[in-house]
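Atom set for the values below is all heavy atoms of this structure, side chains included, hydrogens, waters and symmetry mates excluded. Protein chains get the first letters and strands the later ones, always in sequence-line order, with residue 1 at the start of each. Note that this is a predicted model, so its numbers are computed, not measured.
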2 protein chains.
Amino acid sequence: MRLVIARCSVDYAGRLAAHLPLATRLLMVKGDGSLLVHSDGGSYKPLNWMSPPCTLTTLEPDDDQRAAGIVELWKVVHQKTADQLIVSIHEVLHDSSHELGIDPGLQKDGVEAHLQKLLAEQIELLGDGHRLVRREYMTAIGPVDILATDASGASVAVELKRRGDIDGVEQLTRYLELMNRDPHLAPVTGVFAAQEIKPQARTLAEDRGIRCLVLDYDAMRGVDDGHSRLF
Amino acid sequence: MRLVIARCSVDYAGRLAAHLPLATRLLMVKGDGSLLVHSDGGSYKPLNWMSPPCTLTTLEPDDDQRAAGIVELWKVVHQKTADQLIVSIHEVLHDSSHELGIDPGLQKDGVEAHLQKLLAEQIELLGDGHRLVRREYMTAIGPVDILATDASGASVAVELKRRGDIDGVEQLTRYLELMNRDPHLAPVTGVFAAQEIKPQARTLAEDRGIRCLVLDYDAMRGVDDGHSRLF
DNA sequence: ACCTCCATGTCGGAC
DNA sequence: GTCCGACGTGGAGGT
């Protein structure tokens, strides 16, 4: 990885056109030739970047560019989309290279998959008498997160989200529409379960007869593994 | 901005839990105290990070940690969510600080707004006899991108996307459902216009009687400003 | 390779 | 402030 601090301007042409006026920034060149342009603020997203696979070439500035103060030009071109990023460097303030090696990668825990596993184990959270049929119940248009039956034996399709948004309600609606055409399953009711449900999503869901269920992840994890919270 | 290359392991606890095993990485500390952990590959997203507003504190490792090879501990805590990131540093290979100043920011050009402007100007792309009523026609559930009338004078609602996905069809469907309840507007037909329309989105749209229209951004820009393509 | 959906999404605008 | 939709969304996982 090469780290360059430079006064530079940047131009991107690709899916859109964008320009960064002259200022001091960090240019991070990764081992695969990809480039990130970071300022000293904002969040993790760079001001501008080129994703791999791409190639970085250094150009000599022509006379006009040199007269404008440009001492070095970087051209980064994406190998498939032909998107390009031009970095016009006016002054290099720092330049260092470092050998990092291959990263073992991130280990995650606590995403939707985990929530699904917990809800499947604690299916009675849907209401008394509910039983799990199966997780990831496959339909023609994709898997329903959880299929269960209620106390009367009727089918219940559960759409699970960390944050319950309108998209999730639409997704569940499509599943319900399809499943209710299947005489083996119909009638199927819907439950929209999430750690947090946005008001508009709740309104839309209830308008369509879909029940909303707010899940307490910490409590569910606590039931699953009591000692993990005692520290 | 401070740049540190270090052998380190990282633990995140917040919306989920995540762990990075010991390896050599870049630690980027921004002026606002936020931290990015980058490897020498992947794309622009860091392996792990903490967004502002947050505070970074350096801790002394205890005896056990020191015996495990940890020479420095960084603790970054988000000020609102209390999410935290712990960086256990085993070896510092590089450490430099740089004054970047405030960035003037990115100037963008060519997104959906531009496409909307062009389609409004070239409304006949919808079909002969079409006339623009207005852009961003406001309804109770949000603005319809373009409202027009067809040759017979009937209303046409246009949903515009760069990439035409199922989401966009659902959005337009909600608008049409609402607008068709308004006797002043009904009957309203729908047009789903995008630079690229995904097959499943097209199927869903046509199944609902929504017409699909693929837009050629370059051609539309060419009509709008002929000289801009002659270079 | 295409298509789908998740994301510690992030970001900007409207209300 | 909250809510909502766009994004150069990126990335993983299934068909």
Where A:G105 and B:P21 come nearest, the two heavy atoms and their spacing: O-CD, 3.4 Å
query: Which pair of non-hydrogen atoms, one from B:V144 and one from B:T139, has the smallest distance, and what is that distance?
result: CG2-CG2, 3.8 Å
Categorize [X] for me: base, sugar-phosphate, or nothing, with a 4.0 angstrom heavy-atom threshold over every strand shown.
X: B:Y12; result: base
X: A:E170; result: nothing
X: B:L106; result: nothing
X: B:S51; result: sugar-phosphate

B:R174 or A:D83, whichever maps to the more 5' nucleotide of DNA chain D: B:R174
Upstream residue (5' side of DNA chain D) when A:I166 and A:H78 are each assigned their closest nucleotide: A:I166
Is any side-chain nitrogen or oxygen of [X] closer than 4.0 Å to OP1 or OP2 of [N]?
X: B:K108; N: D:dG8; answer: yes
X: B:K161; N: D:dA6; answer: yes
X: A:T81; N: D:dG8; answer: no
X: A:K45; N: D:dG8; answer: yes

- request: Report the C-alpha separation of B:L125 and B:M220 in whole Å, then their side-chain angles, then the decisive distance to 0.1 Å, and conclude whether the side chain to side chain contact (heavy atoms under 4.5 Å, CB included) test is met.
  value: CA-CA 10 Å; B:L125 286 173; B:M220 290 172 74; 3.9 Å; yes
field: 5'-most by nearest nucleotide on DNA chain C - B:R163 or A:Y44
entry: B:R163
field: Residue whose nearest DNA chain C nucleotide is more 5′ - A:Q171 or B:M138
entry: A:Q171
- prompt: With respect to A:I123, which candidate in A:V158, A:V133, A:I146 satisfies the side-chain contact (heavy atoms from CB on, under 4.5 Å) definition?
  reply: A:I146
- request: Please determine, for the side chain of B:W49, which listed nucleotide (D:dG5, C:dT10, D:dG8) has the closest atom?
  value: C:dT10
- prompt: Quick one: B:R202 CZ to C:dT4 P, roughly how many Å, whole number?
  reply: 14 Å
